Amino acid sequence: MPFSVLLMLTPTASGIEPRGVLGERAEMRATPVTLDATDPARRQVGALTWLGGVALTSSDPAFGGFSAMRVIGDRFTLLSDGGNIVEFRMGADLRPHDLRFADLPGPGTGAIKRHRDSESLAWDPVTGRAWVGFENRNAIWRYDAGLARAERRIQPAAMADWSIAGGAEAMVRLRDGQFIVFSETARPKGQPAARIVLRFAGDPTETRLAPAAFAYVPPAGYDPTDAAELPDGRLLVLNRRLSLPGLFTARLCVIDVRGIPDGGSVRCAELASFERPLLHDNFEALAVTREGADTIVWIASDDNGEFWEQSLLLKFRLDAGQAKSPPPAKGTG
């Protein structure tokens with residue numbers, strides 16, 4: 001495709017535009033959406049069963065741009081790539097209530113978007129503490145449970161040469177306390193199809209140990225945008241592609257990062273693909289919860305402030321019997 005056309009469709013990466021800040025009056029609408037407009041009865045997409053979804057809108061011009069998500073019980077936290085926080089409660093009826101808007105403190109003055117280019121979110125379910133990954137600065141900040149106070153921060157040396165639009169795009173805290181951090185664009189030397197993934201032994205803002213690094217191979221043409229741990233210890237990885245004529249499409253994969261050696265690699269095992277005629281957009285946020293014996297997968301999209309994109313929040317059940325196991329980890333040999 002002509003580069004000029006793709007450039008017009010690509011989300012602004014410079015971050016020099018003024019940063020929109022949500023107002024004090026929290027207002028949001030949730031409109032039900034259909035998985036497949038050509039077949040409203042369709043409920044299956046790969047290893048996922050459709051349970052419903054909504055398009056979120058607001059009269060507040062700063063609303064949207066969601067790049068990370070936290071779901072604890074019926075409490076939802078959506079974090080935008082400009083540091084805006086949208087919190088609400090939502091039950092099985094997918095009707096949000098108890099809505100609250102907030103602003104993520106630091107880094108920088110927050111006058112322009114690159115000061116708050118927050119792309120990933122991880123948390124400790126015991127302490128409630130949260131960690132946010134920032135592009136441009138290639139930094140990780142730790143916050144209190146309410147995302148109201150910054151506690152610690154670090155710019156890891158292992159992330160220093162990541163591009164301004166490729167840092168800490170996805171981050172997950174494993175149940176054993178390890179942190180897994182994906183770069184959206186940084187590639188291991190000699191592996192142009194892979195992306196660099198870092199494994200921190202503990203809290204990245206406290207540990208003095210250098211992280212181990214391994215390679216993640218996403219679907220061809222796709223970049224990782226978020227990740228979440230499954231109950232069995234594997235990871236779901238959300239991947240996105242921008243191209244013509246399909247614009248944004250996404251693929252959900254499963255990988256097993258346990259036992260991957262430093263310098264090893266793991267390849268995506270695809271579970272679901274989102275493209276026409278299914279709902280598809282700039283999917284950037286992923287969360288996994290449990291409802292009884294069911295594993296629930298939540299996916300949210302970043303509308304980039306564009307009229308032709310949406311802020312979608314979608315709910316699926318992962319059908320474990322259909323979830324393929326990923327190929328085993330490999331060393332560099």
Side-chain angles (χ1 to χ4, degrees), residues 1 6 9-11 13 33-38 42-56 64-69 71 78-81 119-121 165-166 169-172 182-185 193-195 197 216-228 230 234-255 267-288 295-304 306 308-319 322-324 326:
M1 77 194 70
L6 182 59
L9 297 175
T10 302
V33 294
T34 302
L35 175 64
D36 184 347
T38 67
R42 181 171 179 177
R43 299 184 67 237
Q44 203 68 33
V45 48
L48 300 178
T49 296
W50 170 251
L51 299 180
V54 289
L56 304 175
F66 303 122
S67 293
M69 171 170 47
V71 185
L78 299 178
L79 177 64
S80 83
D81 57 8
E119 292 288 343
S120 54
L121 173 65
E169 180 71 20
M171 176 169 56
V172 57
F182 292 74
S183 171
E184 180 181 1
T185 59
R195 304 294 182 273
V197 184
Y216 165 65
V217 183
Y222 285 77
D223 298 310
T225 59
D226 208 353
L230 288 169
R234 295 180 300 166
L235 293 187
L236 287 184
V237 183
L238 186 61
N239 305 269
R240 171 199 59 202
R241 181 180 67 179
L242 173 60
S243 63
L244 293 178
L247 300 182
F248 287 108
T249 56
R251 292 187 179 181
L252 186 67
C253 295
V254 62
I255 62 174
R267 185 175 296 273
C268 155
E270 186 177 323
L271 297 181
S273 180
F274 295 89
E275 53 191 300
R276 292 175 179 164
L278 301 182
L279 278 174
H280 60 288
D281 212 305
N282 183 26
F283 291 155
E284 287 207 19
L286 180 70
V288 170
T295 297
I296 304 301
V297 177
W298 298 91
I299 298 175
S301 63
D302 173 359
D303 68 355
N304 292 306
E306 300 289 349
W308 49 276
E309 296 179 63
Q310 298 183 83
S311 294
L312 297 170
L313 178 57
L314 312 180
K315 181 181 183 181
F316 300 89
R317 183 182 68 243
L318 177 62
D319 300 328
Q322 298 186 44
K324 300 178 293 183

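Position 1 is the first residue of the sequence, and the numbers go up from there. Please read all numbers here as calculations on a predicted model, not as lab measurements.
- Looking at heavy atoms from C-beta onward, Leu278 lies in side-chain contact with Arg42 at the 4.5 angstrom threshold.
- Between Phe274 and Phe316, the distance separating the two ring centers is shorter than 6.0 angstrom.
- When all heavy atoms of Gln310 and Asp281 are compared, the pair lying nearest together is N-OD2, 3.0 Å.
- By the side chain to side chain donor-acceptor pair (under 3.5 Å) test, Trp298 is found to be paired with Thr289, residues two or more places apart in sequence or in another chain being considered.
- Listed by chain and residue number, nothing satisfies the salt bridge (Lys or Arg N to Asp or Glu O under 4.0 Å) test with Asp303 (two or more places apart in sequence, or in another chain).
- Donor-acceptor pairing under 3.5 Å is recorded for the side chains of Gln44 and Thr49.
- One distance of note links CG of Leu314 with CG of Leu35; it measures 8.0 Å at 0.5 Å rounding.
- Every residue meeting the side chain to side chain donor-acceptor pair (under 3.5 Å) condition with Thr185, not counting sequence neighbours, appears here in chain and number order: Ser163.
- Within the model, atoms CG of Asn239 and CG of Leu286 stand 10.0 Å from one another, a figure rounded to the nearest 0.5 Å.
- Using a 4.5 Å heavy-atom threshold, the side chains of Leu279 and Trp50 count as touching.
- One finds the CG atom of Leu79 at 8.5 Å from the OG atom of Ser120 (value rounded to the nearest 0.5 Å).
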Inset, instruction - Before giving the answer on side chain to side chain contact (heavy atoms under 4.5 Å, CB included), spell out for Asp302 and Thr225 the whole-Å C-alpha distance, their side-chain angles and the decisive distance to 0.1 Å. - result: CA-CA 11 Å; Asp302 173 359; Thr225 59; over 6 Å; no

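- At a threshold of 4.5 Å between non-hydrogen side-chain atoms, the residues Cys253 and Pro219 count as touching.
- Every residue two or more places apart in sequence or in another chain was checked for a side chain to side chain donor-acceptor pair (under 3.5 Å) with Asp226, and none qualifies.
- Between Leu48 and Leu252, the shortest heavy-atom contact is CD1-CD2, 3.8 Å.
- Applying the side chain to side chain donor-acceptor pair (under 3.5 Å) criterion to Glu119, with sequence neighbours excluded, gives Ser67.
- Counting all heavy atoms, side chain and backbone alike, Val237 lies closest to Pro224 at CG1-CB, 4.1 Å.
- Note that the CZ atom of Phe283 and the CZ atom of Arg240 stand 11.5 Å from one another [nearest 0.5 Å].
- For Arg276, the salt bridge (Lys or Arg N to Asp or Glu O under 4.0 Å) criterion is met by no residue, not counting sequence neighbours.
- Smallest separation of non-hydrogen atoms from Phe248 and His280: O-CD2, 2.8 Å.
- Atom CG of residue Leu242 and atom CG of residue Asp223 lie 10.0 Å apart, to the nearest 0.5 angstrom.
- What you find for Ala287 and Val71 is that their closest heavy atoms are CB-CG2, 3.8 Å.
- Of all the heavy atoms in Thr249 and Glu275, the pair that sits closest is CG2-CB, 3.7 Å.
- Here the CD1-CG distance, from Ile255 to Leu230, works out to 10.5 Å after rounding to the nearest 0.5 Å.
- Looking only at distances, no side-chain donor or acceptor of Ser183 sits under 3.5 Å from a matching main-chain atom of Arg195.
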